[in-house]
Participant: 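I am attaching a structure below and will ask some questions about it afterwards.
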Amino acid sequence: MLHDCPVGDSRGQSVVFVPRDRYLAVMKQLVDDGFTMCVDLTAVDYLTHPGRTLPDGVQSERFEVVANLLSMQRRERLRVRVQVPESDPTLSSVFDLYPGTEAMEREVFDMFGISFDGHPDLTRILMPEDWDGHPLRKDYAQGRIPVQFKGAAS
């Protein structure tokens, strides 16, 4: 357990499973523990894989936000996984703790439709503002727009 959250292992890296309602508080504690850099923040849509293995007490949800933290002092990495329900795809923003997550949270919002409460500019970053849907969701229709390659016969 780390900050009262279950901890697992993935190929030698520690993984902490944080409840959604405690996400921001635990992330603050992790900053205090020396995890001062958020290397990556992304999401996963488990629509087609609902039976994945999770520690006891962790309820699986369709979406999962994954943050990879780094402690330069301890030379240690930590992966944080948070279950996010399809019925309420929101999570607190960690922008105030990790300013480098500004674009990462926008990308997760754009591609998966997960909102981050407290984000300073939660707008699309990859898709046009008037785009319908979120392209990395497993139920997003593929091939709706034909890909055109420069110089290819059309």
Participant: Any chance you could measure C38, atom SG, to L78, atom CG, to the nearest 0.5 Å?
Facilitator: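 The distance works out to 10.5 Å.
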Participant: So, do N68 and F35 sit near enough that their side-chain heavy atoms are less than 4.5 Å apart?
Facilitator: no
Participant: For R77, what residues pass the side chain to side chain donor-acceptor pair (under 3.5 Å) criterion, not counting sequence neighbours?
Facilitator: none
Participant: Do the side chain of H119 and the main chain of E105 share a donor and acceptor less than 3.5 angstrom apart?
Facilitator: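 No, H119 side chain to E105 backbone: no donor-acceptor pair under 3.5 Å.
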Participant: For the atom pair CG (L69) and CD (E76), what is the distance rounded to the nearest 0.5 Å?
Facilitator: 10.5 Å
Participant: Could you tell me if the side chain of S115 sits less than 4.5 Å from the side chain of F109, heavy atoms only?
Facilitator: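 Sidechains of S115 and F109: in contact.
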Participant: Can you get from I114 to F95 by hopping between Ile, Leu, Val, Met, Phe, Trp and Tyr side chains that sit under 4.5 Å apart?
Facilitator: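 Per the 4.5 Å side-chain linkage, I114 and F95 are not co-clustered.
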Participant: Distance check, rounded to the nearest 0.5 Å: H49 atom NE2 versus R52 atom CZ?
Facilitator: 10.5 Å
Participant: Measuring only between side-chain heavy atoms, which start at C-beta, is V7 closer than 4.5 Å to M1?
Facilitator: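 No - every pair of side-chain heavy atoms lies 4.5 Å or more apart.
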Participant: Would you indicate whether the side-chain heavy atoms of Y140 and H134 approach each other to under 4.5 Å?
Facilitator: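 Not touching, per the 4.5 Å side-chain cut-off.
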Participant: Which atom pair, heavy atoms only, marks the closest approach of S87 to P89?
Facilitator: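 That closest heavy-atom pairing would be C-CD, 3.8 Å.
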Participant: Strictly by salt bridge (Lys or Arg N to Asp or Glu O under 4.0 Å), give each pair with a member in residues 39-50 just once, sequence neighbours left out.
Facilitator: D45-R62
Participant: Which of parallel (below 30°), tilted (30 to 60°) and perpendicular (above 60°) describes F63 and F112?
Facilitator: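 Judged by the thresholds at 30° and 60°, the geometry between F63 and F112 is perpendicular.
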Participant: Quick check: do L2 and L30 have side-chain heavy atoms less than 4.5 Å from each other?
Facilitator: yes
Participant: Within a reach of under 6.0 Å around CD of Q73, are more than 12 heavy atoms found that belong to other residues, nucleotides or ligands?
Facilitator: no
Participant: Using the side-chain contact (heavy atoms from CB on, under 4.5 Å) criterion, which residues pair with I125? Sequence neighbours excluded.
Facilitator: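 With sequence neighbours excluded, I125 shows a side-chain contact (heavy atoms from CB on, under 4.5 Å) to A103, R106, E107, D110, given in chain and number order.
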Participant: What heavy-atom pair brings S60 and P50 nearest, and what distance separates the two atoms?
Facilitator: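 Of all heavy-atom pairs spanning S60 and P50, the closest is OG-O, 3.8 Å.
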Participant: Please report the C-alpha distance between R20 and T90 in whole Å, then the side-chain angles of each, then the deciding distance to 0.1 Å, and finally whether the side-chain contact (heavy atoms from CB on, under 4.5 Å) criterion is met.
Facilitator: CA-CA 9 Å; R20 183 170 73 142; T90 60; 3.5 Å; yes
Participant: List for me each residue that meets side chain to side chain donor-acceptor pair (under 3.5 Å) alongside R22, sequence neighbours excluded, and say none if there are none.
Facilitator: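 With sequence neighbours excluded, R22 shows a side chain to side chain donor-acceptor pair (under 3.5 Å) to no residue whatsoever.
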Participant: Please find the pair of heavy atoms, one from R124 and one from G133, that lie closest to each other, and give the distance.
Facilitator: NH2-O, 2.8 Å
Participant: Return the CG to CG distance between L24 and L97, rounded to the nearest 0.5 Å.
Facilitator: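 If we round to the nearest 0.5 Å, L24:CG and L97:CG are 5.5 Å apart.
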Participant: Answer whether the closest heavy-atom distance between the side chains of T42 and M104 falls below 4.5 Å.
Facilitator: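 No, every pair of side-chain atoms sits at 4.5 Å or beyond.
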Participant: Applying side-chain contact (heavy atoms from CB on, under 4.5 Å) to Q59 and L54, what does each step give before you reach the verdict?
Facilitator: CA-CA 8 Å; Q59 174 66 39; L54 294 170; over 6 Å; no
Participant: I'd like to check the side-chain contact (heavy atoms from CB on, under 4.5 Å) partners of V15; sequence neighbours left out, ordered by chain and number.
Facilitator: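 Result, side-chain contact (heavy atoms from CB on, under 4.5 Å) vs V15: S10, F17, R79, R81.
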Participant: Apart from Y46 itself, what residues make up its hydrophobic cluster, given side-chain heavy atom links below 4.5 Å?
Facilitator: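 Its cluster partners, ordered by chain and number, are V44, V66.
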Participant: Could you tell me which residues satisfy side chain to side chain donor-acceptor pair (under 3.5 Å) with D33, sequence neighbours excluded, listed by chain and number?
Facilitator: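 Here the qualifying residues are H3.
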Participant: Taking side-chain contact (heavy atoms from CB on, under 4.5 Å) as the test, write out the residues that go with T36, two or more places apart.
Facilitator: none
Participant: Quick one: side-chain contact (heavy atoms from CB on, under 4.5 Å) partners of D96, sequence neighbours excluded?
Facilitator: none
Participant: Among the clusters formed by ILVMFWY side chains lying less than 4.5 Å apart, do V31 and V39 turn up in the same one?
Facilitator: no
Participant: Quick one, Y98 and M37 - any side-chain contact, counting heavy atoms below 4.5 Å?
Facilitator: no
Participant: V82 pairs by side-chain contact (heavy atoms from CB on, under 4.5 Å) with which of V26, V58, L91?
Facilitator: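 Testing each of V26, V58, L91 against V82, the sole residue satisfying side-chain contact (heavy atoms from CB on, under 4.5 Å) is L91.
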Participant: Using atom types as modelled and distance alone, determine if a side-chain donor or acceptor of S93 lies under 3.5 Å from a backbone N or O of D117.
Facilitator: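 Checked: no pair found.
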Participant: Evaluate side-chain contact (heavy atoms from CB on, under 4.5 Å) for R137 paired with L47, printing each intermediate quantity in order.
Facilitator: CA-CA 8 Å; R137 285 189 172 194; L47 178 67; over 6 Å; no
Participant: Begin from the C-alpha positions of V94 and Y23 and carry the test side-chain contact (heavy atoms from CB on, under 4.5 Å) through to its verdict.
Facilitator: CA-CA 9 Å; V94 292; Y23 175 61; 3.6 Å; yes
Participant: Applying side chain to side chain donor-acceptor pair (under 3.5 Å), name anything that partners E61, two or more places apart in sequence or on another chain.
Facilitator: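 In terms of side chain to side chain donor-acceptor pair (under 3.5 Å), with neighbours along the sequence ignored, E61 is linked to no residue.
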